[in-house]
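Source: prediction; values computed, not measured. Just so you know, ligand 1 is whichever comes first in the structure, and atom 1 is the first atom listed for that ligand.
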Amino acid sequence: MESKPHGGKLVNRLTDKLPDCSSVVNISTQNALDLARIADGSYSPLTGFMNSDELRSVTDNMELPGGAIWPIPVILQVNGRYSFSAGDRIALRYNGEKVGCIDVSEVYNADMKRIILKTYGTIDPAHPNVNQTLRQGSRIIGGNILALRKDETDKLTGPETIRKVFRARNWETIAAYQTRNPPHMAHEYIQRLAMELTDGLFINPVVGELKTDDFSQDDIMDAYRLFVSKYYPDNKVVLSPLMITMRYAGPRAALFLAIVRKNYGCTHFIIGRDMAGAGSFYRPYAAQEMLEKFDIGLQLIKIKEAFFCRQCNCMATEKTCRHTTSNRESMSMTEIRNRIRSGIPVPEIMMRPEVTELLSSRHSKQSFVDR
Ligand SMILES: [Zn+2]
């Protein structure tokens with residue numbers, strides 16, 4: 001049976017027509033993506049941007065005031081000379097277009113440094129989310145939202161749609177695979193292990209807003225489409241993008257990403273090394289420990305870091321191989337990226353040649369950062 005949504009019920013805050021609003025506010029990419037994910041139920045049980053009680057409860061206790069586990073602030077920081085108060089209905093504008101509205105329940109100020117420190121474990125500006133969050137300011141509006149429905153009939157996205165796909169395939173057990181990269185051999189190894197254990201694999205790459213040195217969303221999705229069609233059996237994999245701003249919050253982010261996949265109906269969550277980390281801000285298995293501590297009802301498929309062992313002559317992990325590290329070829333996306341960028345071949349033990357070819361044709365001798 002597919003998982004029940006987090007908090008019991010799948011939220012739907014989509015509308016075909018926005019109600020009249022008293023004023024309008026411009027919102028960031030992160031806000032626009034959060035708005036859309038609250039509205040389509042990906043963030044169930046959230047029905048809006050957090051008020052101060054919710055924010056405090058989430059940052060300090062990792063739960064919503066109603067008791068549901070929730071690790072990540074989802075807030076609407078308002079930068080600018082706006083005057084709002086509780087009771088106002090405000091239109092939310094992104095890139096010049098009204099995309100939704102919020103019924104303001106509270107306008108408040110928060111100690112953003114404290115919130116960032118609690119959420120990310122650091123206020124180091126080298127962390128990809130820290131400056132971005134600080135820049136948005138400390139003035140916040142909380143309240144329930146509505147989002148304008150987009151015509152996405154041609155797209156396989158959102159928990160309601162994905163749940164229908166799972167049902168149509170009669171999958172009892174579904175493993176969610178979190179990623180923000182094109183597939184390399186260690187990813188494939190882990191996915192195949194999960195496919196042995198479950199009826200189906202849900203590959204759900206985060207592609208909304210990533211670090212500048214990550215691959216683009218087209219690279220990730222096109223690489224996966226090609227890879228899945230070349231190597232995995234039909235009807236065993238569902239591939240769908242998750243449009244969010246990536247919070248590189250290590251363990252807290254891993255828990256958040258697991259909750260989202262529970263809302264999509266997944267029963268299992270695959271968790272490898274250093275999920276949702278950045279640089280060396282988090283211990284490699286801190287995310288696994290977090291998911292063990294906070295049980296949201298998903299079965300965990302915990303995998304150690306996979307590598308190619310030259311003695312075993314296959315993919316393995318420290319649990320399955322006896323050889324020393326000097327025999328092991330680790331799969332580093334940074335290394336693969338650098339090779340592609342410099343036109344140096346990527347060995348087939350690291351990445352499928354079709355995937356390398358696709359990425360090379362787009363990026364060879366180009367700078368990722370300049371893109
Ligand atoms: Zn070995």
Side-chain angles (χ1 to χ4, degrees), residues 173 175-203 205 213-215 220 223-224 226-233 236-237 250-251 254 257-258 268-292 298-360:
T173 52
Y177 185 73
Q178 153 66 28
T179 187
R180 54 187 163 86
N181 278 304
H184 61 42
M185 294 306 281
H187 300 146
E188 178 177 337
Y189 176 75
I190 290 170
Q191 288 165 11
R192 286 182 192 272
L193 289 175
M195 287 163 88
E196 292 288 352
L197 299 171
T198 54
D199 297 334
L201 177 68
F202 181 48
I203 302 175
D213 60 344
D214 282 334
F215 281 94
I220 299 167
Y224 257 108
L226 179 66
F227 166 68
V228 168
S229 70
K230 283 266 176 189
Y231 292 98
Y232 289 157
K236 281 291 168 197
V237 177
L257 292 164
H268 291 60
F269 189 70
I270 305 165
I271 178 150
R273 182 185 182 276
D274 197 27
M275 175 173 283
S280 54
F281 283 104
Y282 310 101
R283 284 179 297 107
Y285 295 102
Q288 288 191 2
E289 290 160 21
M290 179 69 97
L291 281 160
E292 281 177 327
L298 293 186
Q299 287 200 47
L300 302 179
I301 301 176
K302 292 180 295 171
I303 316 264
K304 294 280 184 186
E305 182 178 18
F307 47 78
F308 185 86
C309 171
R310 295 193 183 281
Q311 293 297 316
C312 296
N313 199 29
C314 65
M315 295 297 299
T317 73
E318 64 180 51
K319 279 177 114 172
T320 59
C321 155
R322 62 182 284 137
H323 304 107
T324 57
T325 51
S326 61
N327 294 292
R328 297 172 181 176
E329 194 74 56
S330 64
M331 310 288 135
S332 149
M333 201 39 97
T334 308
E335 157 96 19
I336 290 173
R337 217 165 21 224
N338 289 341
R339 280 173 178 264
I340 288 171
R341 190 168 52 190
S342 320
I344 301 168
V346 179
E348 291 192 16
I349 57 164
M350 283 190 180
M351 190 173 251
R352 293 287 183 183
E354 295 89 346
V355 176
T356 305
E357 201 178 303
L358 182 146
L359 297 173
S360 297

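In this structure, the salt bridge (charged side-chain N to carboxylate O under 4.0 Å, His left out) partners of Glu305, at least two apart in sequence or on a different chain, are Arg273. Looking at residues two or more places apart in sequence or on another chain, you find no salt bridge (charged side-chain N to carboxylate O under 4.0 Å, His left out) involving Lys236. For Tyr232, the ring pair (Phe, Tyr, Trp, His ring centres under 6.0 Å) test picks out Phe227, with sequence neighbours left out.
Residues Arg341 and Asn338 form a side-chain contact, since some pair of their non-hydrogen atoms from C-beta on lies under 4.5 Å apart.
With waters left out, the protein N, O or S atoms under 2.8 Å from the Zn ion (ligand 1) add up to 4.
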### Task
Evaluate side-chain hydrogen bond (donor to acceptor under 3.5 Å, both in side chains) for Ser330 paired with Ser332, printing each intermediate quantity in order.
CA-CA 6 Å; Ser330 64; Ser332 149; over 6 Å; no
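Formation of a donor-acceptor pair under 3.5 Å by the Ser229 side chain with backbone atoms of Leu226 is found in this model.
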